[in-house]
2 protein chains.
Amino acid sequence: MSLTRSDAGGPGDPPARRARRVSMADVARRAGVSAQTVSRVSNGHPGVVDSTREQVLAAMQELGYRPNSAARALKYGQFRTIGVILFTLATVGNSRTLEAIVDHAAEEGYAITLIPVAVPTRDGVLGAFTRLGELAVDAVIVSMEVHLLDAATVNLPVGVPVVVVASDADDRYVVVDTDQVDGARRAVRHLLDLGHRTVWHVTGPEGSFVAERRATGWRTTLEQAGRPVPPLAHGDWSAESGYRAGLALADEPDCTAVFAANDQMALGLLRAFHEKGKVVPRDVSVVGFDDIPDSASFIPPLTTVHQDFAEVGRRCVERVLRQVRNKPVEPGTTLVPTRLVLRESTARPPA
Amino acid sequence: MSLTRSDAGGPGDPPARRARRVSMADVARRAGVSAQTVSRVSNGHPGVVDSTREQVLAAMQELGYRPNSAARALKYGQFRTIGVILFTLATVGNSRTLEAIVDHAAEEGYAITLIPVAVPTRDGVLGAFTRLGELAVDAVIVSMEVHLLDAATVNLPVGVPVVVVASDADDRYVVVDTDQVDGARRAVRHLLDLGHRTVWHVTGPEGSFVAERRATGWRTTLEQAGRPVPPLAHGDWSAESGYRAGLALADEPDCTAVFAANDQMALGLLRAFHEKGKVVPRDVSVVGFDDIPDSASFIPPLTTVHQDFAEVGRRCVERVLRQVRNKPVEPGTTLVPTRLVLRESTARPPA
DNA sequence: ACCGGGGATGTTTACGCAAACATTGCGGCG
DNA sequence: CGCCGCAATGTTTGCGTAAACATCCCCGGT
């Protein structure tokens with residue numbers, strides 16, 4: 001299989017002399033036509049007689065011609081590619097959002113290039129933005145859930161359309177996000193409506209915008225209802241951290257309802273309560289956030305706040321492509337609504 | 001959605017007239033130097049006097065210059081980008097493998113472009129390969145777990161280094177995969193060693209190579225041990241499908257051990273057994289496959305076969321980059337070993 | 001004072017493609 | 001019978017960059 005390329009020879013190194021790839025000129029020579037005719041055939045343009053077209057096609061086949069996308073992009077000034085900057089695919093939210101972005105971009109004929117930020121430090125982010133300048137992308141979607149955006153935005157290349165997901169970048173940017181605050185409100189209201197006196201909360205890692213917003217929704221809902229606000233339990237999105245939080249919560253005598261900032265931590269809670277002999281939902285009610293597919297199979301199936309990842313992805317792509325196409329896009333935040341999915345992990349509080 | 005593709009101004013359409021981007025020539029003019037000097041500054045080449053360098057840098061800043069990667073790629077003949085073809089990010093395996101690929105590619109200075117195959121039909125695959133020809137990638141990693149590769153490989157662009165993951169593409173290709181058969185063997189052996197007479201199996205969707213290989217490992221291990229081979233239960237990787245399979249399995253009187261082809265289906269099994277009043281592992285033992293992070297927080301924590309996704313990703317990148325760099329790579333399959341992670345879902349069979 | 005050398009910078013060129021423009025050839029019509 | 005018009009194809013050009021080569025100038029040595 002094809003060892004065409006030579007030693008790395010990237011920018012910075014002298015480009016190694018390589019077996020030149022077959023170009024339009026080669027095909028043209030072989031087919032006995034001009035390069036322009038090859039171009040026309042290659043792009044399906046009209047005005048080429050069938051016999052000629054076939055000769056060209058045959059020549060392409062024989063030579064294994066592949067159009068050079070660099071040259072094409074240089075000509076068109078576009079790559080039909082969107083860059084996505086993110087920290088990790090390990091969280092369900094990130095990977096589902098990415099999938100939605102990929103799918104909708106594909107519908108529009110755009111591919112996605114991932115620009116990972118290895119370490120979520122300031123330098124890491126700056127590095128990603130720098131690399132961005134060298135990358136073959138027409139626009140960028142930034143998915144950063146930690147407090148590093150400000151440091152980084154300074155460096156956002158001018159002239160590249162940008163859409164930001166799941167952050168609270170200021171209004172100069174185009175932002176798309178799930179309505180975290182309202183989602184949390186729904187979760188808390190549901191528990192309150194069931195008769196629970198108050199609701200405990202297991203939050204996400206420090207510095208996470210998303211975690212902060214969900215906690216805000218939780219706190220303000222309690223305050224507005226005039227309920228006491230219990231101390232916050234800290235997690236890091238992982239089931240394991242939810243388990244640890246649950247072990248502690250199980251010892252709180254008046255804890256009858258817990259809202260976990262994501263489904264994975266809710267899973268940990270369920271296990272902790274189970275081990276401590278507390279029956280969900282008889283003794284404690286649990287609500288999650290995300291509605292990952294697995295949550296319907298937890299024991300018991302989890303009541304949770306459904307995030308419409310597909311819609312978030314769709315809107316990101318739509319808004320970023322509007323910019324690429326020079327259509328007006330006003331900065332500001334687009335919120336995608338959530339909905340509460342009722343399953344079996346919530347009930348009235350024990351009498 | 002769907003602003004039509006014709007708005008895009010891509011190949012085939014007249015390129016949208018856009019404000020021409022700032023080029024080296026513009027910077028050169030502004031700084032009062034030649035384009036070549038700008039190039040030298042831009043690439044950090046030596047031989048530019050400090051005062052000149054600063055002028056150029058200033059001009060770049062003012063004008064918001066960004067190097068044009070298309071032109072660069074055209075010059076160098078490389079994009080420093082690897083294309084990854086996959087069906088979906090919804091399964092944990094895919095997204096974790098992708099993450100590993102992204103990370104290791106980044107270490108080597110390569111970005112990843114995703115080429116989604118919307119529908120896993122023959123046409124879908126062919127379409128992806130066709131688009132591939134237009135994409136700015138130096139190599140391709142194909143992650144396809146269904147039986148469509150043969151139809152598609154015919155069309156694999158010549159001259160592009162390719163590595164295939166998780167499939168049984170024939171030996172003409174470079175293949176990297178987890179050792180599925182051996183992983184399944186470990187799971188089954190473990191259960192047999194505990195004293196179970198035989199092991200039932202919940203397999204993945206029809207047509208999945210991975211599912212097939214795990215089922216093969218299960219079956220041959222049983223056969224070699226001279227144990228009866230129970231009928232196969234069919235799932236589709238989802239927890240829900242595992243749940244349905246579990247409901248049926250719970251009614252089999254002599255079913256004391258189940259090996260699920262992935263952790264998510266195992267989750268469904270746990271729930272089904274729980275609902276049917278069967279205690280895991282006292283009444284039934286369950287083993288999963290993948291070792292997703294959540295599985296440690298299942299009720300009970302799941303014994304499962306750990307897949308080293310990071311290693312799979314690393315090897316894919318390594319082997320594909322060897323090809324890019326024209327180093328020898330012999331076709332054939334590289335198997336990444338698994339290991340069994342013992343947790344609390346397995347025990348001796350009921351007496 | 002003159003020349004050689006080398007560092008700093010400028011000029012030319014090619015990368016592969018496709019738009020714009022140029023040429024060829026053929027059929028139909030006055 | 002000659003010319004027009006159009007369809008098919010060819011030629012030129014430029015996209016932005018950076019290697020290769022050319023030039024300039026200053027400085028030190030003789």
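Each chain gets a letter, A, B and so on, in the order its sequence line appears, and its residues count up from 1.
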Verify, without hydrogens or angle tests, whether [X] (side chain) and [Y] (backbone) share a donor-acceptor contact under 3.5 angstrom.
| X | Y | result |
| --- | --- | --- |
| A:N43 | A:R40 | no |
| A:R80 | A:E108 | yes |
| A:N68 | A:A70 | yes |
| A:D26 | A:S23 | yes |
| B:D177 | B:V165 | no |
| A:R322 | A:K327 | no |
| B:T81 | B:F79 | yes |

So, is B:N68 near the phosphate of D:dC15, with a side-chain N or O under 4.0 Å from OP1 or OP2?
-> no
With heavy atoms under 4.0 Å as the rule, sort A:T37 into base, sugar-phosphate or nothing.
-> sugar-phosphate
Close side-chain approach of A:V163 to A:V175, heavy-atom, < 4.5 Å | no
Grab the [atom1]-[atom2] distance between [X] and [N] for me, whole Å please.
| X | N | atom1 | atom2 | value |
| --- | --- | --- | --- | --- |
| A:Q55 | D:dA8 | CD | P | 15 Å |
| A:F79 | C:dG16 | CZ | P | 16 Å |
| B:Y65 | D:dT17 | OH | C1' | 7 Å |
| A:M24 | C:dA14 | CE | P | 17 Å |
| A:Y76 | D:dG14 | OH | P | 19 Å |
| A:D26 | C:dC15 | CG | C1' | 13 Å |
| A:L74 | D:dA18 | CG | C1' | 13 Å |
| B:K75 | D:dC15 | NZ | C1' | 14 Å |

Close N/O contacts between protein and nucleotides 4-8 of chain C (under 3.5 Å):
none

Rounding to the nearest 10°, end axes of the helix from C:dA1-D:dT30 to C:dG30-D:dC1 built from five pairs each make an angle of 60°
Taking for B:Q36 and for B:A71 the nucleotide of DNA chain C with the nearest heavy atom, the one nearer the 5' end belongs to B:Q36
Test for a donor-acceptor pair under 3.5 Å between the base of D:dG10 and the side chain of A:R40, counting only N and O atoms.
-> yes
Please tabulate, for the side chains in residues 311-319 of chain B, all donor-acceptor contacts under 3.5 angstrom to protein atoms that are two or more places apart in sequence or on a different chain.
residue : atom : partner : partner atom : Å
B:E311  : OE1  : B:R314  : NE           : 3.2
B:E311  : OE2  : B:R314  : NH2          : 3.0
B:E311  : OE2  : B:R315  : NE           : 2.6
B:E311  : OE2  : B:R315  : NH2          : 3.1
B:R319  : NH1  : B:T334  : OG1          : 2.4
B:R319  : NH2  : B:E330  : O            : 3.0

